[in-house]
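This report concerns only the one structure given below.
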Amino acid sequence: MSKSILLSTPHLGDLELEFVKEAFDTNWIAPVGPQIDAFEQEFCQVTGAGDAAAVSSGTAALHLALRLVGVELGDEVFCSTLTFIASANPIVYQGAKPVFIDSDRTSWNMNPDLLQEALEKRARIGKLPKAVIVVHLFGQSADIDPILQACNQYDIPLIEDAAEALGATYKGRYVGTCGRIGIYSFNGNKIITTSGGGMLVADDSKLVAKARFLSTQARDRFPYYQHSEIGYNYRLSSIASAIGRGQLRVLPQRIASRRRNFMIYTSALGNLPGIEFMPEANYGQATRWLTCLTINPQAFGADREQVRLALAAQQIESRPVWKPLHLQPVFAECESIGGAVAEDLFTNGLCLPSSSNLTDEDLQQVINGIIEVHHSKNR
Ligand SMILES: *Cc1c(COP(=O)(O)O)cnc(C)c1O
């Protein structure tokens with residue numbers, strides 16, 4: 001049996017170990033010091049963000065973001081439904097309630113018209129949400145301008161969950177830097193990794209300073225430990241920051257490799273009946289963090305699950321598109337606005353192996369696996 005081909009794996013460059021060695025050599029190992037400061041500064045240079053706070057995960061960054069915009073017990077927060085559960089869990093950590101919004105077909109991300117309508121309705125009954133979380137899925141930007149416009153009209157802060165979309169652009173800007181606060185993830189499966197970590201960015205450096213304060217147990221400025229607020233232990237370690245500095249330097253290559261995977265998949269599979277790839281919206285450039293497609297079972301001759309299992313039998317890991325959050329048992333009581341588009345993408349959508357270190361042979365093996373399923377069902 002040949003080696004297995006995984007969905008999305010870490011891909012280290014040449015400089016990570018040097019920065020880690022620098023941390024060791026200078027004994028700056030604690031979650032404070034020059035590696036963290038440098039990682040934050042370099043992250044701002046790359047993304048154009050005003051200021052950045054490095055934290056232990058994307059989930060932690062999102063939790064801090066909700067704290068910073070004042071989400072509390074009993075509030076509601078609007079959130080994309082087609083996403084990973086970490087986009088919504090921090091809403092519940094705050095004792096607030098998520099309301100889920102469906103995707104559009106062009107970007108697979110939050111439908112701006114649905115958001116606008118929902119906010120208008122809520123304004124009429126005096127029950128506006130405290131914040132909106134828009135997710136940039138699979139490396140592609142949501143349609144930010146109309147979403148931001150709808151939020152601004154009612155003075156609701158927009159939080160961007162760009163965990164999957166570092167390096168994706170919207171009208172020339174890096175996603176994550178367009179709303180009030182943006183968050184990113186450096187989990188092992190993301191486009192760059194610190195082995196685990198996250199970043200919170202905002203143009204307002206007071207907000208970011210507050211995020212750092214809350215992420216280090218909210219210590220008031222006294223020689224002894226005094227606290228007037230409840231904080232968290234969410235700061236990123238120096239070692240993880242050192243890895244992140246190396247990874248940031250190869251981000252352009254990682255994006256190019258993932259986009260190349262997508263090109264190879266589309267040119268080999270794009271003409272098969274019933275196969276459609278996630279479209280690239282015309283307002284920006286996607287990173288193609290994951291290459292995703294939908295399979296129409298009638299036209300293709302096999303459904304998504306048959307394809308996934310056939311690949312799995314060859315040690316190839318693929319994964320259904322995210323199960324929408326409004327279908328998750330844990331959110332069964334939550335309101336959702338629309339949902340049919342996300343449900344359809346979940347039913348028929350598949351994410352293909354997309355690591356930046358896949359070889360041409362790996363890609364060809366995945367392609368052959370999918371073509372074989374089609375041929376065996378259409379003989
Ligand atoms: C990965 C991910 C997160 C959470 O990031 P962690 O660093 O794993 O906590 C949040 N939102 C989305 C959309 C993600 O894909």
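Note that ligands are numbered from 1 as they come in the structure, with each ligand's atoms numbered from 1 the same way. Not measured: the values here are computed from a predicted model.
Checked against a 3.5 angstrom limit, the closest N/O atoms of Asn187 and ligand 1 fall inside it. Note: no N/O pair closer than 3.5 Å links Val135 and ligand 1 by distance alone. Of the polar atoms of Thr83, none of the N or O atoms is found under 3.5 Å from an N or O of ligand 1, judged by distance alone.
Taking both residues in full, the closest heavy atoms of Gly70 and Asp75 are given as O-OD2, 3.6 Å, listed atom of the first, atom of the second, then distance.
Close approach to Ala163 involves these atoms of ligand 1, each under 4.0 Å from a residue heavy atom: 2 (C), 3 (C), 10 (C), 11 (N), 12 (C), 14 (C). Heavy-atom contacts of Glu164 reach the following atoms of ligand 1: 13 (C), 14 (C), 15 (O) (cutoff under 4.0 Å). Within the listing of ligand 1, atoms 1 (C), 5 (O), 6 (P), 7 (O), 8 (O) sit less than 4.0 angstrom from a heavy atom of Ser185. Within the listing of ligand 1, atoms 7 (O), 9 (O) sit less than 4.0 angstrom from a heavy atom of Ser57. Listed by atom number, the atoms of ligand 1 under 4.0 Å from Thr59 heavy atoms are 4 (C), 5 (O), 6 (P), 9 (O).
In this comparison of Gly196, Ala162, Ala86, the heavy atom closest to atom 4 (C) of ligand 1 sits on Ala86.
For Gly197, the heavy-atom gap to ligand 1 drops under 4.0 angstrom. In this structure, His136 has no heavy atom closer than 4.0 Å to ligand 1. The closest approach between a heavy atom of Ser87 and any atom of ligand 1 is below 4.0 Å.
A heavy-atom distance below 4.5 Å is not found between the side chains of His326 and Glu335. Contact check for Ser356 versus Ile191: no side-chain heavy atoms found under the 4.5 Å cut-off.
A side-chain donor-acceptor contact under 3.5 Å links Arg254 to the backbone of His11.
Figure legend: cation-pi geometry between Arg219 and Phe213 absent, as NZ or CZ is not positioned both under 6.0 Å from the six-membered ring centre and within 45° of its axis.
Of the charged side-chain nitrogens involved, none lies within less than 4.0 Å of a carboxylate oxygen, so that Glu117 and Arg124 do not count as a salt-bridged pair. For Arg212 and Asp51, the salt-bridge test passes: some basic side-chain N is under 4.0 Å from an acidic carboxylate O. One finds no salt bridge joining Glu317 and Arg308 here, because no Lys/Arg side-chain nitrogen approaches an Asp/Glu carboxylate oxygen to under 4.0 Å.
Just one of Ile5, Leu352, Leu358 meets the side chain to side chain contact (heavy atoms under 4.5 Å, CB included) condition when paired with Leu363; it is Leu358.
Of all protein heavy atoms, the one lying nearest to atom 1 (C) of ligand 1 is Lys190 NZ, 1.6 Å. Protein heavy atom in closest approach to atom 11 (N) of ligand 1: Asp161 OD2, 2.8 Å.
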